[in-house]
Number of protein chains: 2
Amino acid sequence: MESSDLRSAGLKVTLPRLKILEMLESHPARHMSAEDIYRKLMDSEEDIGLATVYRVLTQFEAAGLVKRHHFEGGHAVFELERGPHHDHMVNLDTGEVVEFVSEEIEKLQKQIAEKHGFTVEDHSLVLYVRPKGGKKKP
Amino acid sequence: MESSDLRSAGLKVTLPRLKILEMLESHPARHMSAEDIYRKLMDSEEDIGLATVYRVLTQFEAAGLVKRHHFEGGHAVFELERGPHHDHMVNLDTGEVVEFVSEEIEKLQKQIAEKHGFTVEDHSLVLYVRPKGGKKKP
DNA sequence: CTCTATGCAAATATTTTGCACACAT
DNA sequence: ATGTGTGCAAAATATTTGCATAGAG
């Protein structure tokens, strides 16, 4: 049961929060917009407002349960902060999101920031990719 | 004269386009939002609508004259596509944007994408940083 | 002259907020 | 009981579009 996640984040255990966590957990692509979540909730006959979805996601983000990404397109997508850090690759043809890790890149980032007198608080790395040798319809 | 830039991009040389190019060239920080540009134009007594600023920036982006970035904050910032590729470091305390290049990171990105059967069309790397040893007011 | 570009206002899209009521503890 | 959480509608923010007119080639 995920109620513990909420409690340990200092959030009261409420139905909307549980349902939203559930949506994020059960969604295969793992990256959903507020609208995506809202619509899935409507489909499940849940009576939860879009405003609540935004409020809850913002709280989750503040609590470190969720990460907000700004891939291209005017809207944000949210992802559960389970497991270790990773970056993303977005397939431009399908919108599919692939996760990857590179210790080497992480290390280089730290080195570069330090060379400039900074420390890295956070970073965002997104590769926009296309299938190799992928031809357009000729 | 930058009219040539416009012409070679297949865009008619109009006053709004020239003025907007000028703004982007003359702004020291090099990263401006549509609103920033609009306000600077108003300050210069230019009579150019915000809608035109957006339209022109979008055309510039399509023409490869300008790059659109989604750093944090709900709005996009635009940067002239002059010079070689580079990535960005955002100072979280001041908002200052520092540019950097890392051939090594670029190479690793390509390798990683290839390992997954993709080729990199574009990428976005932003480090969110703070001054080293920077203390908050105690 | 002809067709594209622009200004303005209205329309969209996304996210946030005010307020009265509902719910967790 | 008490204070936080929620739904709804309205506001705020960011960007796009329709349309009549102005301007480039």
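Protein chains get the first letters and strands the later ones, always in sequence-line order, with residue 1 at the start of each.
- The span of DNA chain C lying next to chain B, judged by atoms under 4.0 Å from heavy atoms, is bounded 5' to 3' by C/dT4 to C/dA9.
- Remark: B/G74, B/H75, B/A76 in residues 71-78 of chain B come within less than 4.0 Å of DNA chain D through at least one heavy atom.
- Using a 4.5 Å heavy-atom cutoff, the side chains of B/L80 and B/L21 are in contact.
- By the ring pair (Phe, Tyr, Trp, His ring centres under 6.0 Å) test, A/H123 is found to be paired with A/H85, residues two or more places apart in sequence or in another chain being considered.
- Shortest non-hydrogen contact noted between B/V13 and B/S3 is CG2-O, 3.8 Å.
- Annotation: the terminal axes of the helix from C/dC1-D/dG25 to C/dT25-D/dA1 meet at 40°, where each axis is the rotation carrying the C1' atoms of four end pairs onto the next four (5 pairs per end, rounded to 10°).
- Sorted pairs that involve residues 48-58 of chain A and meet salt bridge (charged side-chain N to carboxylate O under 4.0 Å, His left out), not counting sequence neighbours, are lacking altogether.
- To the nearest angstrom, C1' of D/dT16 lies 14 Å from CD of B/E61.
- The ring pair (Phe, Tyr, Trp, His ring centres under 6.0 Å) check on A/H27 picks up nothing, with sequence neighbours excluded.
- Within residues 34-56 of chain A, the residues having any heavy atom under 4.0 Å from DNA chain C are, by residue number, A/L50, A/A51, A/Y54, A/R55.
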Side-chain donor-acceptor pairs under 3.5 Å in residues 38-45 of chain A, sequence neighbours left out?
residue : atom : partner : partner atom : Å
A/R39   : NH1  : A/E35   : OE1          : 3.0
A/S44   : OG   : A/K40   : O            : 2.9

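- The hydrophobic cluster containing B/V97 does not contain A/L125, counting ILVMFWY residues as joined when their side-chain heavy atoms lie under 4.5 angstrom apart, directly or transitively.
- Annotation for A/G95 and A/V90: closest pair O-CG1, 4.2 Å, computed over non-hydrogen atoms.
- Taking each heavy atom of A/L127 and B/V120 in turn, the nearest pair found is CD1-CG2, 4.4 Å.
- For B/H86, the ring pair (Phe, Tyr, Trp, His ring centres under 6.0 Å) criterion is met by B/H88, not counting sequence neighbours.
- Among pairs with a residue in residues 8-22 of chain B, those fulfilling side-chain hydrogen bond (donor to acceptor under 3.5 Å, both in side chains) read B/R17-B/Q59, at least two apart in sequence or across chains.
- The aromatic ring centres of B/F71 and B/H69 sit less than 6.0 Å apart.
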Review item, nucleotides 21-25 of chain D N/O atoms under 3.5 Å of protein N/O:
residue : atom : partner : partner atom : Å
D/dG25  : OP1  : B/V13   : N            : 3.4

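- Shortest non-hydrogen contact noted between A/T52 and A/P16 is CG2-CB, 4.0 Å.
- Judged as a salt bridge (charged side-chain N to carboxylate O under 4.0 Å, His left out), the pairs with a partner in residues 70-82 of chain B (not counting sequence neighbours) are, in order, B/D5-B/R82, B/E25-B/R82, B/R30-B/E79.
- Between B/S102 and A/I112, the shortest heavy-atom distance links the atoms CB-CD1, 3.6 Å.
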